[in-house]
2 protein chains.
Amino acid sequence: MKNKIMILPILFYSTLAWGQAKSIQERLGYPKDAKLVIIHADDLGVSHAENAASIAAMEKGSVSSASIMVPCPWFPEIAAYAQSHPGACLGLHITLTSEWKYYKWGPVTAKEKVPGLVNKNGFLYSSVDSVYQNASASEVETEIRNQVLRAKQFGIDPTHLDAHMGTALQQLDYFKAYLKVGHEFKIPVFIPRQLETPLKVKFDTMVSDKDVLVDYILSASPQDFKNGFANFYTNGLKNLKPGLTYLIIHTAYDNEEMRAVTIDHPDWGAAWRQEDFNFFSSPECKKLLNDNNIYVITWKEIRDKIVRK
Amino acid sequence: MKNKIMILPILFYSTLAWGQAKSIQERLGYPKDAKLVIIHADDLGVSHAENAASIAAMEKGSVSSASIMVPCPWFPEIAAYAQSHPGACLGLHITLTSEWKYYKWGPVTAKEKVPGLVNKNGFLYSSVDSVYQNASASEVETEIRNQVLRAKQFGIDPTHLDAHMGTALQQLDYFKAYLKVGHEFKIPVFIPRQLETPLKVKFDTMVSDKDVLVDYILSASPQDFKNGFANFYTNGLKNLKPGLTYLIIHTAYDNEEMRAVTIDHPDWGAAWRQEDFNFFSSPECKKLLNDNNIYVITWKEIRDKIVRK
């Protein structure tokens, strides 16, 4: 999800609750000023190192939710885990790109049916821009639906949908397709309030009381990595605002496999992912969450209390 | 290539040279009693660990040739290596199965065109028997040709074709398709003499003086692994016969990735592959080859001196 940060770089402080009379805290039954956070690991399925570290960070650390890339090589491994752990909060990281240099994947839909999504080698495009230049919203809708159907075929009941590298979010017709498929399967979709401005839209015309808007995003940048993640995340958690924050991380081990996957790309690379794992597996992180009265919630809770209520 | 050993378990001692007036030694310009061996690493492209170890074993060890699984996730990495190392002897390990538990791949052909090759999840079947029960020779021919075309699209000029788990070899109509595609692209194909009996065929009716028959196969069994590979390979190399021996190994590192790929399957597993790497990267192996007057040759030499002469 290398490029996601490009359009989601900062916390967005809004007190509005478009289209929704009650606050997210009230809807979920928390104190009205509660600071809610979903600590979310992206990119499951991309590699064994990502699966193994993310499972450990969920089972033993503070990660509350994660999302799976259905087209990726290690999807069957995490799908088997999801099936045998129905309590785990595992959604789908809708994947329309294949961004690494030597390790690639294609769409789950037959390439002939989504020609605009694939490059000359039959892989998804490396960059978000190439997707926007080539794929129609109809192709994107087909692929999103087929990723959901394939996940269900593998025994996953997705807790939510979000968007790898933000691709399905950052163009209005794609966003509508993504929202449509979420509604179709009664799966909550990640809708960041801050997207209203770039999408030039008012979400209150598009969502219902079955949708949940995410108030704030907290996600590290390459500069934060250089300065040290412990500082960045400690500061971020200490300064959470009341409302729902989506804390986006990427947990993997800095091993041979992951260094080869992320070769020539230190940003969101293997060492980066190990640092995310280290922080969110630490006792210090648990203490911070506790000391700052932060409620760590899940998409599963949102799905079951709101979307499928 | 877990099951290949099941039908190719022993050395086959034949002095016949079906369909070919001159011996392989004469055709390649070696002394007529020379012991020729291709030390061959299978399964490149399956994982990063397999690629990295096999490249090291070729560049620094005694491995002379290797073959690539085009449908696998790490194919682009080894294809980039092949393109930048045109002197390396890299063929195609024609892949009609996807045998591991949580790490899978499909055919390179559109699934709609080869329905008999794919299981309900769109992957190649796990077992050779399932392929035989479901896929027509015509589908197999299409897939083999498309694996060659895809390799060429990625800049590979294959030095040879061989067969993952023996699938393309062990049924006559598949074998004919495999031979046909090899001839079509002027790529030597691995034809073990010992297959005449199970295939109930005489190769001299099928091959020309542009083909090369492999006289002997040397490949370790699970029992050999239990007894120690150093013993097995040392003994095998000391007892090579004049003629062409195909020494089939699998070189990878025993790391997290490879243990996850081969989970629940110690035979041909991560430790097995590390042992293969260790032996064929050792100075002892080089000394054995030298002391026993063994000529280590390549498929590239066969391709360029015989098939494309």
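Each chain gets a letter, A, B and so on, in the order the sequences are listed, and its residues count up from 1. Because only heavy atoms are used, hydrogens play no part in the values below, and waters and symmetry mates are left out as well, while side chains stay in.
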What residues of residues 47-65 of chain A sit under 4.5 Å from chain B when you count only heavy atoms?
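Within residues 47-65 of chain A, the residues that come under 4.5 Å of chain B (heavy atoms only) are A:H48.
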Would you say B:N121 and A:Q153 are linked by a side-chain donor-acceptor pair, where the criterion is simply a distance under 3.5 Å?
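Yes, B:N121 and A:Q153 have a side-chain donor paired with an acceptor closer than 3.5 Å.
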Donor-acceptor contacts, no H, no angles, side chain residues 180-188 of chain A, under 3.5 Å, sequence neighbours left out:
| residue | atom | partner | partner atom | Å |
| --- | --- | --- | --- | --- |
| A:K180 | NZ | A:E141 | OE1 | 3.4 |
| A:K180 | NZ | A:E141 | OE2 | 2.9 |
| A:H183 | NE2 | A:D211 | OD1 | 2.8 |
| A:H183 | NE2 | A:D211 | OD2 | 3.1 |
| A:E184 | OE1 | A:R145 | NE | 3.4 |
| A:E184 | OE1 | A:R145 | NH2 | 2.8 |
| A:E184 | OE2 | A:R145 | NE | 2.7 |

Suppose a student defines contact as a heavy atom less than 4.5 Å from any heavy atom of chain A. Which residues in residues 101-117 of chain B would they list?
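Those residues of residues 101-117 of chain B which have a heavy atom under 4.5 Å from chain A are B:Y102, B:Y103, B:K104, B:A110, B:E112.
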Using a heavy-atom cutoff of under 4.5 Å, enumerate the residues of residues 73-85 of chain B that contact chain A, numbered in order, or state 'none'.
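B:P73, B:W74, B:P76, B:E77, B:A80 fall under the 4.5 Å cut-off.
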Is it the side chain or the backbone of B:Y253 that comes within 4.5 Å of chain A heavy atoms, both, or neither?
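The answer is neither part of B:Y253.
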